[in-house]
There are 2 protein chains.
Amino acid sequence: MTRSEENYIKTIFHLGGNDSISVATNAIAEQMETKPSSVTDMARKLAKKGLVNYVKYQGVSLTDIGVETALSVIRKHRLWEVFLVKKLDFSWDEVHEVAEQLEHIKSEKLIDKIDELLDFPKYDPHGDPIPSKDGKFMERDKQLLSDIPIKSKGVCVGVKDTSSTFLKFLDKNKIALGNTIEVLEKEEFDQSLHIQMDGRELHISHQIASNLYVKLND
Amino acid sequence: MTRSEENYIKTIFHLGGNDSISVATNAIAEQMETKPSSVTDMARKLAKKGLVNYVKYQGVSLTDIGVETALSVIRKHRLWEVFLVKKLDFSWDEVHEVAEQLEHIKSEKLIDKIDELLDFPKYDPHGDPIPSKDGKFMERDKQLLSDIPIKSKGVCVGVKDTSSTFLKFLDKNKIALGNTIEVLEKEEFDQSLHIQMDGRELHISHQIASNLYVKLND
DNA sequence: ACCAATTTTTAGATTTGTCTAAAATTAATT
DNA sequence: AATTAATTTTAGACAAATCTAAAAATTGGT
């Protein structure tokens with residue numbers, strides 16, 4: 001597995017989801033900031049290796065081995081992110097780039113030891129689940145803050161947008177994973193929300209609410 | 001800097017030393033297990049980038065910038081080795097391969113934080129000095145065990161051969177860096193040594209003694 | 001100083017991953 | 001259903017890093 005192959009597999013997984021729905025050449029190209037013709041070439045190559053199903057003009061889907069490979073890379077990416085935040089005091093908006101490099105390091109022992117050092121974390125700094133060594137992968141029961149009814153209470157468990165600008169905005173407003181949230185009121189006009197977060201009242205736009213994941217209290 | 005360029009620079013440094021003596025194309029090729037013609041190509045490329053001095057048929061030497069680059073890669077390599085041993089319980093014969101990969105990760109913040117996490121170590125697990133952030137690099141005052149006079153006392157501070165077989169041999173015989181050493185007797189016939197190491201007496205061959213570095217007591 | 005052996009370079013080919021521009025296919029619209 | 005629009009593939013080219021085989025330069029020995 002070359003670095004490039006791993007990146008394609010990862011992208012196909014992110015676009016096609018766990019069930020490995022067929023993904024369009026163009027979509028892959030756009031996501032990876034490359035050209036559709038390059039994607040076609042790689043699709044052929046990965047198909048020959050048995051990592052994807054590829055039929056001309058009908059997009060690409062991951063095989064079982066492809067999914068396994070994707071999960072292994074994603075596991076590494078997310079574990080490194082946790083490492084950077086927990087052990088080296090990186091902030092959550094700085095980890096992505098570096099993890100993009102570290103995820104390609106080839107050593108099973110290394111990543112297992114990192115996992116152990118971190119005490120087997122279940123989620124990365126953005127709230128995304130970390131696949132286990134054997135590729136199990138528990139998507140948390142969560143909803144967008146913008147989708148939950150008024151008066152409901154929950155805990156902030158993830159972000160949808162992981163861009164540095166958004167994450168820094170959250171930091172500035174002391175919105176962090178683990179914070180409790182109650183929706184007090186919803187403005188009909190612009191869908192903005194009045195919420196209570198860890199005690200203090202806050203007014204947030206729909207834009208923000210639709211990029212924050214909440215786990216409702218049971 | 002591509003990974004390949006960094007590996008060439010590192011090899012030229014190791015062969016040419018700090019003072020950047022001119023290194024033969026063939027020597028580089030042999031060390032890197034590649035072909036001389038490939039080295040020639042890379043020599044041109046690195047010369048154009050200002051990292052080496054290269055004159056046809058007269059070998060390659062590092063420029064100041066080349067030395068700086070080499071030290072930066074070596075610093076990363078050795079810090080990662082310390083990390084693997086101290087934080088992840090790798091043994092000293094397992095670290096090289098993985099460090100070969102990790103040394104190419106591009107993030108100044110990452111390596112500085114690793115340095116800090118390890119409390120700014122001065123030496124790697126094999127006793128080799130770790131260059132500082134600004135490229136300072138203190139070679140320890142040390143001698144081969146095979147070269148020091150009878151009755152002299154010192155501390156084991158490094159290994160010359162870092163092969164897995166040698167390191168495992170040392171482990172098996174409980175020879176470790178930091179152990180005290182006194183040379184009791186030298187066998188004229190085969191240059192083998194009777195030594196005292198951390199209290200117990202040991203008989204070691206010339207082969208072994210000529211791959212162990214000792215710092216004499218003052 | 002010459003010849004032979006060694007080292008180094010050149011020339012041309014290969015692989016991987018990428019690109020552009022043109023052709024082929026599929027999808028959408030009237 | 002025919003034509004236009006969008007997507008996807010093909011064909012051919014390129015850069016990086018490597019290789020082989022042949023040519024050129026250097027070195028060593030006498």
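Each chain gets a letter, A, B and so on, in the order its sequence line appears, and its residues count up from 1.
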Among the candidates [options], find the nucleotide nearest to the side-chain atoms of [X].
X: Thr25(B); options: dT8(C), dT18(C), dC19(D); answer: dT8(C)
X: Ala24(B); options: dT9(D), dT9(C), dT8(C); answer: dT8(C)
X: Tyr57(A); options: dT8(D), dT10(D), dT18(C); answer: dT8(D)
X: Thr34(B); options: dC19(D), dA25(D), dT9(D); answer: dC19(D)
X: Thr40(B); options: dT10(D), dT9(C), dT18(C); answer: dT9(C)
X: Ser37(B); options: dA25(D), dT9(D), dC19(D); answer: dC19(D)

Show, in sequence, the C-alpha distance, side-chain angles and deciding distance for Ser4(B) and Thr2(B), and conclude whether the side chain to side chain donor-acceptor pair (under 3.5 Å) test is met. CA-CA 5 Å; Ser4(B) 185; Thr2(B) 68; 5.0 Å; no
Rounded to the Å, how far apart are [X] [atom1] and [N] [atom2]?
X: Glu30(A); N: dT8(D); atom1: CD; atom2: C1'; result: 15 Å
X: Arg44(A); N: dT16(C); atom1: CZ; atom2: C1'; result: 16 Å
X: Arg3(B); N: dT16(C); atom1: CZ; atom2: P; result: 17 Å
X: Asp41(B); N: dT10(C); atom1: CG; atom2: P; result: 9 Å
X: Ile28(A); N: dT9(D); atom1: CD1; atom2: P; result: 9 Å
X: Leu46(A); N: dT16(C); atom1: CG; atom2: P; result: 13 Å
X: Glu33(A); N: dT18(C); atom1: CD; atom2: P; result: 13 Å
X: Met42(A); N: dT18(C); atom1: CE; atom2: P; result: 6 Å

Could you encode protein contacts along nucleotides 1-6 of chain C as a string, one character per nucleotide from 5' to 3', using B for base contact, S for sugar-phosphate-only contact and - for no contact, with a heavy-atom cut-off of under 4.0 Å? ------
Does Tyr8(B) place a side-chain N or O at less than 4.0 Å from the phosphate oxygens OP1/OP2 of dA16(D)? no
Below 4.0 Å: OP1/OP2 of dT26(C) and any side-chain N or O of Lys56(A): no
Taking 4.0 angstrom as the limit, do Lys142(B) and Asp147(B) come out as a salt bridge? no
Could you say whether Ala27(B) or Ser38(A) is positioned toward the 5' end of DNA chain C, judged by the nucleotide with the nearest heavy atom to each? Ala27(B)
Using 0.5 Å steps for rounding, measure from the NZ atom of Lys133(B) to the CG atom of Leu79(B). 11.0 Å
Side-chain donor-acceptor pair under 3.5 Å between Gln31(A) and His14(A), yes or no? no
Which of parallel (below 30°), tilted (30 to 60°) and perpendicular (above 60°) describes Phe166(A) and Phe169(A)? parallel
Set out, in order, the CA-CA distance, both residues' side-chain angles and the distance that settles salt bridge (charged side-chain N to carboxylate O under 4.0 Å, His left out) for Lys109(B) and Glu97(A), then state yes or no. CA-CA 12 Å; Lys109(B) 176 162 187 173; Glu97(A) 277 185 51; over 6 Å; no
With a 6.0 Å cut-off on ring centres, are Phe83(B) and Phe83(A) close enough? yes
